[in-house]
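Notes for the one structure printed next.
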Amino acid sequence: MKTKEEIFKLINENPVFHLATVENGKPHVRGMLLFKADNEQGIIFHTGTFKDLYRQLQANPSVEMCFHCQKTGEQIRISGDLVQDKSLNLIEEIYNHPTRAFLRNFGESIKERMAVYRMIHGKATVWTMEKNLEPNYYTEF
């Protein structure tokens, strides 16, 4: 079983993940890009207020994320509820971050249309092919 710190390290090193939501009883999954994960702030990502994802999260903030660590073959599934963070400082940090240069192509006005989400409390399980027959163990944070 991995610690929260080990899980956050792995997902920061492998920031592409799939996010599952539910709308009208039907699942919706899409690829996403993690902004960051740490002990103080939790797991952070963003979307646009004009997207279906935003509407789905406003209606039901319970989600599951799935990260794949290609180097180790580990799959990390994390489930919990998201909270929207409307902090202008965090929006500025995201907008100006080197990994988010693509946002600047939309101009400053995109900041008004950004929705930033955090998962502060959740549970994670790590799966590998070698441990396929073992029960899942969960790390809560």
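Values below: all heavy atoms of this structure, side chains included; hydrogens, waters and symmetry mates excluded.
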Judged by atom type as modelled, is there a donor-acceptor pair below 3.5 Å linking the side chain of [X] to the main-chain atoms of [Y]?
X      : Y      : answer
Arg118 : Val116 : no
Thr125 : Tyr137 : yes
Thr139 : Lys4   : no

Where Glu64 and Ser79 come nearest, the two heavy atoms and their spacing: OE1-CB, 3.9 Å

Would you say the side chain of [Y] lies within less than 4.5 Å of the side chain of [X], judging by non-hydrogen atoms?
X     : Y      : answer
Gln75 : Thr128 : no
Arg77 : Asn136 : yes
Asn60 : Gln56  : no
His46 : Arg100 : yes

Residues which pass side chain to side chain donor-acceptor pair (under 3.5 Å) with Thr72, listed by chain and number, not counting sequence neighbours: Glu74

Once rounded to the nearest 0.5 Å, what's the spacing between atom [atom1] of [X] and atom [atom2] of [Y]?
X      : Y      : atom1 : atom2 : value
Thr3   : Asn39  : OG1   : CG    : 8.5 Å
Thr21  : Lys26  : OG1   : NZ    : 13.5 Å
Leu103 : Glu108 : CG    : CD    : 11.0 Å
Leu90  : Met114 : CG    : CE    : 7.5 Å

Summary of side-chain hydrogen bond (donor to acceptor under 3.5 Å, both in side chains) pairs that have at least one residue in residues 7-16, sequence neighbours excluded: Lys9-Glu13

Joint cluster assignment, Ile94 & Ile110, ILVMFWY side-chain distance < 4.5 Å: yes

Salt bridge (Lys or Arg N to Asp or Glu O under 4.0 Å) between Lys36 and Glu93, intermediate numbers included: CA-CA 11 Å; Lys36 67 179 174 179; Glu93 178 185 352; 3.0 Å; yes

Neighbour count above 12 (heavy atom, 6.0 Å) for Glu112 CD: no

Fellow cluster residues of [X], listed by chain then number, with links counted only when side-chain atoms sit under 4.5 Å apart:
X      : result
Leu133 : none
Phe45  : Ile7, Phe8, Leu10, Ile11, Phe17, Leu19, Met32, Leu34, Ile43, Leu53, Tyr54, Leu57, Val63, Met65, Phe67, Ile76, Ile78, Leu82, Tyr117, Met119, Val126, Phe141
Trp127 : Met129

Pairs where residues 84-113 contributes a residue and the test ring pair (Phe, Tyr, Trp, His ring centres under 6.0 Å) is met, not counting sequence neighbours: Phe35-His97

